[in-house]
Visitor: 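Below: one structure in structure tokens.
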Protein chains: 2
Amino acid sequence: MGLSKGARKVLKVLARRGASEVLWARGRGSARFSDLGAVLRLSPRTLAERLRELHLMGFVDRRAYAEVPPRVEYSLTPRGKRVLEFLMELDRVVETLEEVR
Amino acid sequence: MGLSKGARKVLKVLARRGASEVLWARGRGSARFSDLGAVLRLSPRTLAERLRELHLMGFVDRRAYAEVPPRVEYSLTPRGKRVLEFLMELDRVVETLEEVR
DNA sequence: CAGGATCCCTACGGATACTG
DNA sequence: CAGTATCCGTAGGGATCCTG
């Protein structure tokens with residue numbers, strides 16, 4: 001009788017600022033915290049929060065290297081890739097909406 | 001290099017409280033304002049706002065009858081039905097995520 | 001460099017009361 | 001009945017400063 005609770009949660013996270021962009025940007029390869037921030041124009045506060053959420057949902061992987069200065073790289077998990085595919089599907093759906101008038 | 005602007009907008013609207021529920025509830029047939037409010041447990045303020053947004057995006061149709069007391073019925077447009085299908089797809093995707101571990 | 005802490009402003013949404 | 005108007009608390013997110 002409605003979206004499942006899990007689906008609603010995913011939907012909400014994906015709609016937050018920068019979430020879909022992070023997944024999209026990580027389509028291939030991994031990237032560092034600061035690189036993502038620069039490309040996506042997100043404040044470190046928001047970026048950290050978003051990455052934490054996406055990590056908690058199992059969509060991105062976090063790998064920290066014990067170096068100075070510190071380096072942390074983020075990449076998509078298989079689950080994250082599945083969700084990214086879904087986002088791409090959304091793009092196609094929205095395109096077809098133009099035709100459905 | 002990311003979700004289209006339109007897709008992001010759709011995503012955001014769908015994530016707001018009650019949006020997907022309204023679409024889902026209108027899967028078949030139409031319903032009145034107060035019925036939707038009762039079923040979805042939304043305050044009139046939020047329900048009105050949500051319906052206005054969904055109407056503006058062309059997902060729901062609004063038909064007002066010149067009666068006393070007033071009666072207004074909402075139903076899904078073809079576009080709305082397409083979006084509803086997409087939401088159902090989301091449910092399936094989230095299910096498959098359980099397997100992708 | 002990768003964040004956490006703080007301050008602050010805006011958006012979202014419930015409760016209540018009111019009107020055509 | 002179908003909303004709108006108002007009040008108000010909570011969440012989201014930018015800017016800035018700080019630290020391991």
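Chain naming here is simple, since letters A, B, ... match the order of the sequence lines and numbering starts at 1 in each.
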Visitor: State whether B:Glu95 and B:Arg92 are salt-bridged, where the test is any N-O pair (Lys NZ or Arg NE/NH1/NH2 against Asp/Glu carboxylate O) under 4.0 Å.
Guide: no
Visitor: How far does the helix from C:dC1-D:dG20 to C:dG20-D:dC1 bend, going by the axes of its first and last five pairs, to the nearest 10°?
Guide: 40°
Visitor: Heavy-atom contacts under 4.0 Å between residues 3-19 of chain A and DNA chain D, which residues?
Guide: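 Output list: A:Arg16, A:Arg17.
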Visitor: Any donor and acceptor pair, going by atom type alone, linking the side chain of A:Asp91 with main-chain N or O of B:Ala7 inside 3.5 Å?
Guide: no
Visitor: From CG of B:Leu42 over to P of C:dT16, roughly how many Å is that when rounded to an integer?
Guide: 16 Å
Visitor: Produce the list of close N/O pairs, under 3.5 Å, pairing protein atoms with atoms of nucleotides 2-4 of chain D; give distances to one decimal.
Guide:
from: D:dA2; atom 1: OP1; to: B:Arg32; atom 2: NE; distance (Å): 3.0
from: D:dA2; atom 1: OP1; to: B:Arg32; atom 2: NH2; distance (Å): 3.2
from: D:dA2; atom 1: OP1; to: B:Val72; atom 2: N; distance (Å): 3.3
from: D:dA2; atom 1: OP2; to: B:Ser34; atom 2: N; distance (Å): 3.0
from: D:dA2; atom 1: OP2; to: B:Ser34; atom 2: OG; distance (Å): 2.7
from: D:dG3; atom 1: OP1; to: B:Arg62; atom 2: NH1; distance (Å): 2.5
from: D:dG3; atom 1: OP2; to: B:Tyr74; atom 2: OH; distance (Å): 2.5
from: D:dT4; atom 1: OP2; to: B:Arg52; atom 2: NH2; distance (Å): 3.2

Visitor: Would you find a donor on one side and an acceptor on the other, under 3.5 Å apart, between the side chain of A:Arg50 and the backbone of A:Arg17?
Guide: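 Looks like yes, one N/O pair under 3.5 Å.
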Visitor: Just by modelled atom types, is the B:Leu14 backbone N or O under 3.5 Å from a matching donor or acceptor in the B:Ser20 side chain?
Guide: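 No, B:Ser20 side chain to B:Leu14 backbone: no donor-acceptor pair under 3.5 Å.
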Visitor: Taking NZ, NE, NH1 and NH2 as the nitrogens, is one of them in A:Glu73 or A:Arg62 under 4.0 Å from a carboxylate oxygen of the other?
Guide: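 Looking at A:Arg62 together with A:Glu73, the answer is no, because their closest N to O distance does not fall below 4.0 Å.
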Visitor: As a test of understanding, state which of A:Ser30, A:Ser75, A:Pro78 forms a side-chain contact (heavy atoms from CB on, under 4.5 Å) with A:Asp61.
Guide: A:Ser75
Visitor: Identify whether B:Val13 and A:Val100 are in the same connected component of the hydrophobic contact network (ILVMFWY, side-chain heavy atoms under 4.5 Å).
Guide: no
Visitor: Find the distance A:Leu47:CG to D:dA15:P and express it as a whole number of Å.
Guide: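 Between P of D:dA15 and CG of A:Leu47: 14 Å.
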Visitor: Would one find a side-chain N or O of A:Thr46 under 4.0 angstrom from OP1 or OP2 of D:dG13?
Guide: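 Answer no for this pair, as no side-chain N or O of A:Thr46 is under 4.0 Å from OP1 or OP2.
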Visitor: Between C1' on D:dG14 and CG on A:Leu40, what's the gap in Å once rounded to a whole number?
Guide: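 After rounding, the gap between these two atoms is 15 Å.
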Visitor: State whether B:Tyr65 and B:Arg71 meet the cation-pi test: NZ (Lys) or CZ (Arg) under 6.0 Å from the six-membered ring centroid, and within 45° of the perpendicular axis.
Guide: yes
Visitor: Can you tell me how far P of C:dA2 sits from CZ of A:Arg50, to the nearest Å?
Guide: 18 Å
Visitor: Between B:Phe59 and B:Tyr74, does the ring centre distance come in under 6.0 Å?
Guide: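 Ring-ring flag for B:Phe59/B:Tyr74: false, centres at least 6.0 Å apart.
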Visitor: Taking 4.0 angstrom as the limit, do A:Arg16 and A:Glu49 come out as a salt bridge?
Guide: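 Salt bridge: yes.
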Visitor: Salt bridge or not for B:Glu21 and A:Arg8, using N-O below 4.0 Å?
Guide: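 Between A:Arg8 and B:Glu21 there is a salt bridge, with a charged N closer than 4.0 Å to a carboxylate O.
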